[in-house]
Each structure stands twice: as structure tokens, then as C-alpha cells.
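To start, the structure itself, in C-alpha cells.
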Amino acid sequence: MSQHMQIDIRLLPFYEKGFKTHFPKLAAVLEREKYLSSGENDLSLYHLVDLLHRMDIDPAVPSPVKVAMNGFLGRLTAIKEKAREALLARKLNDLDRLLYQLEDEFENLEASL
């Protein structure tokens, strides 16, 4: 590694109008269950998968919420793991394709809520 430089590859959230505008139903569920603060509006979908997993195992989250997300959580987790592997291997074309798949799953989740 260089003494004065480093390589930095990160996944950053990008929404033209914010997470809550793009995913209003999901944002409402997250706020209601205290997994999203009212001022938070720039969640990364990549990191949101972990948040949904925590909600799934949280006994305080009602069953109907878990049932609604349950059909998606397995696919989201699998895509995120593949994306993580692509990120670590610096396979950016594969990562880009997987991030599109992740976005599609979140769009489907939003439509189902």
C-alpha cells in the first residue's frame, strides 16, 4: 500500500428527493417501529438489509410487519451477501448489477406494504 495514498471504495446512498420520499411506506413502518428517526432521510439500501434483519428478530416488532417483510428478507440478504463479496473482490460490474437487484427488491417490498 502506498505510504501517502489509499484506495477508498464505498457505497453511499443517493436519492434525488430522499429515502422517505422514494420509499414512503417502508419509511413509515421503520419510523413507527422506532428503527428510523424522523430526521433521517439518507439510508443506504445496502445497510438497510441489516436493519430489516434486526427488526425480524426483535420481539417488540409486531408479527404483521414481520410477515410483510419475511418474503423479501431472504432475497435481500442473499443479494447483499453477493454484493459484499463483489465489493471486497473489487468486481464493480458485478456489484453494480447486484445493487440494481437490491433496489428492485426494495421497490417490490415498498409496493407490497
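FYI, the numbering just counts along the sequence from 1.
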* To do: Start with the C-alpha distance between Tyr35 and Leu52, add both sets of side-chain angles, then the distance that settles side-chain contact (heavy atoms from CB on, under 4.5 Å), and finish with yes or no.
  => CA-CA 9 Å; Tyr35 277 84; Leu52 294 180; over 6 Å; no
* Asked: How about Leu99 and Leu11: do any of their side-chain heavy atoms sit closer than 4.5 Å?
  -> yes
* Structure fact -> To the nearest 0.5 Å, atom CZ of Arg97 lies from atom CG of Asp94 at 5.0 Å
* **Test log, rule side-chain contact (heavy atoms from CB on, under 4.5 Å), inputs Asp56 and Met69** => CA-CA 8 Å; Asp56 188 50; Met69 292 186 190; over 6 Å; no
* Asked: Tell me, which pairs form a side chain to side chain donor-acceptor pair (under 3.5 Å) where one or both residues lie in residues 9-30, sequence neighbours left out?
  -> Asp8-Arg10, Lys20-Glu31, His22-Glu107
* To do: Could you list the residues that satisfy side-chain hydrogen bond (donor to acceptor under 3.5 Å, both in side chains) with Ser44, not counting sequence neighbours?
  => His47
* **Minimum heavy-atom distance between Arg32 and Val65, given as atom pair plus value** => NH2-CG2, 3.7 Å
* Asked: Considering only heavy atoms from C-beta outward, does the side chain of Leu30 approach that of Phe19 to under 4.5 Å?
  -> yes
* Structure fact -> Sorted by chain and number, sequence neighbours left out, side chain to side chain contact (heavy atoms under 4.5 Å, CB included) with Glu103 holds for Leu45, Tyr100
* Asked: So how far is it from Leu87 CG to Glu85 CD, rounded to the nearest 0.5 Å?
  -> 11.0 Å
* Option among Leu102, Leu43, Leu76, Leu36 that satisfies the side-chain contact (heavy atoms from CB on, under 4.5 Å) test with Leu48 -> Leu43
* Please identify each residue that fulfils side chain to side chain contact (heavy atoms under 4.5 Å, CB included) with Lys82, with sequence neighbours left out. => Leu98
* Asked: Is Arg75 reaching over with its side chain to a backbone N or O of Gly71, donor-acceptor style, under 3.5 angstrom?
  -> yes
* List for me each residue that meets side chain to side chain contact (heavy atoms under 4.5 Å, CB included) alongside Ser112, sequence neighbours excluded, and say none if there are none. => Phe72, Leu109
* Structure fact -> CD1 of Ile79 to CZ of Phe106, rounded to nearest 0.5 Å, is 9.5 Å
* **Atom CZ of Arg84: over 12 foreign heavy atoms under 6.0 Å** => no
* **Leu92: partners by side chain to side chain contact (heavy atoms under 4.5 Å, CB included), with sequence neighbours left out** => Ile9, Leu95
* **Electrostatic pair Lys66-Asp58, nearest N-O below 4.0 angstrom** => no
* Determine, using the 4.5 Å side-chain heavy-atom cutoff (strictly less than), whether Met55 and Val67 are members of one ILVMFWY cluster. => no
